[in-house]
Visitor: 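Once you've had a glance at the structure underneath, I'll fire off some questions.
All chains are named by letter (A, B, ...) in the order of the sequence lines, taking the proteins before the strands, and each is independently numbered beginning at 1. Values below: every heavy atom of this structure, side chains too, minus hydrogens, waters and symmetry copies.
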Amino acid sequence: MNHYDFRVVEEKWQRYWEEHGFYQIEEDASKPKYYCLEMFPYPSGRLHMGHVRNYAIGDVVARYHTMRGYNVLHPMGWDAFGLPAENAAIQRNIHPSEWTRHNIEYMRTQLKRMGLSYDWRREVTSCLPDYYRWTQWLFLQMYHNGLAYKKAAAVNWCPSCNTVLANEQVVNDACERCGTVVERRELEQWFFRITKYADRLLDNLDKLDGWPEKVKIMQANWIGRSEGAEILFPVKGFDEHLAVFTTRPDTIFGATYMVLAPEHPLVDKLISGTPNEGAIRSFIAQVAAQDEMDRTAEHTEKLGMFTGGYCINPATKEEIPVWIGNYVLMGYGTGAIMAVPAHDQRDLDFARKYGLKVRVVIQPDGDLDGETMVEAYTGPGRLVNSGQFDGLPSEEAIEAITKFLEGQGLGRFQVNYRLRDWLISRQRYWGAPIPIVYCEQCGTVPVPEEMLPVYLPMDVAFKPTGQSPLVEADEFVHTECPRCGGKAKRETDTMDTFVCSSWYFLRYADPHNESLPFAKEKVDYWMPVDQYIGGVEHAILHLMYARFFQMVMSDLGLVTVDEPFQNLLTQGMVLKGGIKMSKSKGNIVDPDHIINEYGADTARVFVLFASPPEKELEWSDEGVEGAYRFLNRVWRLVNAYADQLGETEELDVNRLTKQERDLWRTVNLAIKKVTEDVEERFNFNTAISSIMELTNALYLYKEGSGEVNRALLAAALEKLLLLLAPFAPHITDELWSRLGRTESIHLQKWPDYDEAALQVEEITVVIQVNGRVRDRLVVPVDVAEDELKERALALPRVQEFVDGKQVVKVILVPGKLVNIVVK
RNA sequence: GCCGGAGUGGGGGAACGGCAGACCCGGGGGACUUAAAAUCCCCUGCUCGCAAGGGCGUGCGGGUUCGAAUCCCGCCUCCGGCACCA
């Protein structure tokens, strides 16, 4: 027997699988399909442990389902556009495409060394024209269906770099590159109309039974649907109305003032030419600056100023003052509120600070006093001070008052969302160009589909100005209008990389299609993804954008299903020393190092064994050692018998000794446990522990004094390897062949357990007195209840505790325990 | 502040309301060895006890139950998400 040389074993089998096209998959109507997908990585340079964990989990799921007889699609690709490539270009004078290609090549070899069962023929790379061509094509579908539009939006602007920054690039209100304080600026930007799908994105969550509740809640909160009313307040002295959104129209009689966001368009009209105009404008400028300051601060002080204008409360007909306040946001609702200080804490704080009127209109049991109250009452109650609505419960008043206002043309039911439209414009080079040209004659013109792709030019200059090199790429910018042939300029913004990752899972179904992003029938065969696996950090954005795309495509008839991911598994982070592994913390463990020292099988077994997938994983070098020891133990065990088990007779379970039956039961228990753990719960850690227990039992049997039953041993070792195969694919294939099997273990069927083998003749029953374990009894499984009770009561240890007391009752849990309750 | 999740031995982690701590690591002991490593076997929550055995133990305080790590109520701590959302 030679020792476990994982290098030789892993190389050998990786080559064997590749040469024999093991993981190359086609549609096959004769088998049930299973689409197993892990989130594709950004090619940052090398794999990190989070990737190893993610892909190890996915590979177990894929291999298990293959053994279960499914036709398994298990692809991999690259989310290859993104900012780091541009930074590398500037810092190291290497072209983003070159840098990215290089990283992909290296990371691909890393993935291959992990022994993952990908169909590499289906690899997709989002930065290549044969992929982004279809990203652009999908943009055009959005555009033609009114789902892509352009509008001015406030963005983070760095005056020194002359460019827009993504939120992530703004650190403490300063540009992350040059440290200049960031401004807000209005720029024309492209958007996808995701808000049109807000309700469907929300409602469909109920259908997603296979998603973690946590993720669904996060998405629901992000969408932030709230029901209420839009109410129009006539503006005194102007022929117009101020619209507000409120979830509490029942409190309108308590609206004693209005507050506008500083950016609200009405502000200008109200203050123009008034004596206070200058003061107010400087206040607004101050708020605009402060607004950017710390949005994250706990409770920023509420600041405001009276505009001098008034509105008419449509319920009370009173004139109420219109204020500007920093606590009202232009980005939500209408950018204006009716302030009901008695029933909203923020309004109350504001009213107290500026001495505004507080009127109680909802009265719960106690009695609130508008003069003295310090805490707003936001609960339900009966209406007071509300004219004809007095006495009505607030829940009913919501509807009644909204209808009342509606009758006057001053209100209506309205649903509001926190969700904003998706801003997809990036003033970046390394992204998919937005296929739009601006013609001097025709205006905004979409590039016709047959002219795609709009190639990203390669010969551009990278300067540390922060400005996209596309802007100065004259050959790219200056073009002909596809409609009139006249002079035109190309859009120089590229698309957010989340656009690329919103449909890649569909391209895997038909990765080389040159006339369409994918053939519908192929996508229809594979979709939806049966199991999607990735980091929880994508719980909101990526997963919501992908759902949105899928819905749009299903509405356009490009696909049939409208939810892309049937089941979702969000894996936890990889920690070391209790904190997330990161370069800046200096606590990185390099996967290459582990694979070089211990091999891919060990790395896989360790990350799967150390923690359940959804939880965080604490890295442990000793733990890796343990996983390695375990595989060595399996190696020695199988090799010890490999030569002798070549031709054994069939296992006859009816002729086993007691000890042998116990071993056979352990085998079958392991099959049951591993199957359930993998299939139902993804508890790979406990699955592996069962395999370890089986290994331990086999060692004890081997080391025992008796003659070994070769047929039993052969069967047990086979099952052991089959169970371990999805976790440690190389060593199991090697050992499988050493057991004399000529066909790879990965082509075998997943083992079934034998129900009969699980049966026992005797069981140990726990005997409790008042819920505390006092003794145990070994009894036949079919023991009569009365007899069990009698025997339990007769036990001397039980008698000690029962003596002199009265037996109140005896609880009997069949097969488990007897609890004698005494007083 | 709001919404999630988690607190179990020295560490990672197991436990359909029914033997708390499977399995792995660490620690201790034994076997093998001239010796060490590797390997194989045994022990390993705390505490009292020579032992048999007892008591205490799942963040804290209550409760439900014959029986609670698990269910309910009230707290504390940590992690994640959202954050003046009208």
Visitor: Report the relative orientation of the aromatic rings in Y628(A) and Y598(A); use parallel for angles under 30°, tilted for 30 to 60°, perpendicular for over 60°.
Guide: perpendicular
Visitor: With hydrogens left out and only the distance checked, is there a donor-acceptor pair under 3.5 Å joining K302(A)'s side chain and the base of C84(B)?
Guide: yes
Visitor: For A31(B), give the paired nucleotide (Watson-Crick: N1-N3 plus N6-O4 or O6-N4; G-U: N1-O2 and O6-N3; both under 3.5 Å), or none.
Guide: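 U39(B) - that is the nucleotide pairing with A31(B), both distances being under 3.5 Å.
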Visitor: Would you say a side-chain N or O of K214(A) is under 4.0 Å from OP1 or OP2 of G5(B)?
Guide: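 For G5(B), OP1/OP2 do not have a side-chain N/O of K214(A) under 4.0 Å.
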Visitor: So if I define the base as every atom that isn't primed, P, OP1 or OP2, how would nucleotides 42-56 of chain B read as a B/S/- string at a heavy-atom cutoff under 4.0 Å?
Guide: S----------SSSS
Visitor: Taking only Lys NZ, Arg NE, NH1 and NH2, and the carboxylate oxygens of Asp or Glu, determine whether E785(A) and K789(A) approach each other closer than 4.0 Å.
Guide: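 No, no charged N to carboxylate O under 4.0 Å.
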Visitor: Under 3.5 Å for both donor-acceptor distances, Watson-Crick or wobble: does C84(B) have a partner, and if so which one?
Guide: none
Visitor: Quick one: which of K353(A), R352(A), Q345(A) gives a side chain to side chain donor-acceptor pair (under 3.5 Å) with D349(A)?
Guide: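 Only one option passes, and that is Q345(A).
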Visitor: Does the structure show a Watson-Crick or G-U wobble partner for G17(B), both distances under 3.5 Å? Name it, or say none.
Guide: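 Partner of G17(B): none.
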Visitor: Counting only Watson-Crick or G-U wobble pairs whose two distances fall under 3.5 Å, which nucleotide matches C60(B)?
Guide: G74(B)
Visitor: Respond yes when some side-chain nitrogen or oxygen of R418(A) is under 4.0 Å from OP1 or OP2 of A83(B), and no when none is.
Guide: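 Yes, within the criterion.
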Visitor: Considering heavy-atom distances to RNA chain B, does I217(A) or V766(A) have its closest nucleotide positioned more toward the 5' end?
Guide: I217(A)
Visitor: Measure up the F606(A) and W619(A) rings against each other and bin them: parallel (under 30°), tilted (30 to 60°), perpendicular (over 60°).
Guide: perpendicular
Visitor: Is there a side-chain contact between Y417(A) and the phosphate of C85(B), meaning an N or O under 4.0 Å from OP1 or OP2?
Guide: no
Visitor: Could you go through K673(A) and E693(A), starting from their C-alpha distance and side-chain angles, then the distance that decides it, and tell me whether this counts as salt bridge (charged side-chain N to carboxylate O under 4.0 Å, His left out)?
Guide: CA-CA 11 Å; K673(A) 181 84 168 89; E693(A) 284 180 271; over 6 Å; no
Visitor: Scan V328(A) against the nucleic acid and name what it touches under 4.0 Å (heavy atoms): base, sugar-phosphate only, or nothing.
Guide: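 It contacts base atoms.
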Visitor: Which parts of nucleotides 22-33 of chain B does protein reach within less than 4.0 Å, heavy atoms only, written one letter per nucleotide 5' to 3' as B for base, S for sugar-phosphate only and - for none?
Guide: BBSSS-------
Visitor: Are R774(A) and F801(A) in a cation-pi contact, defined as NZ or CZ under 6.0 Å from the six-membered ring centre and within 45° of the axis?
Guide: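 So R774(A) does make the cation-pi contact.
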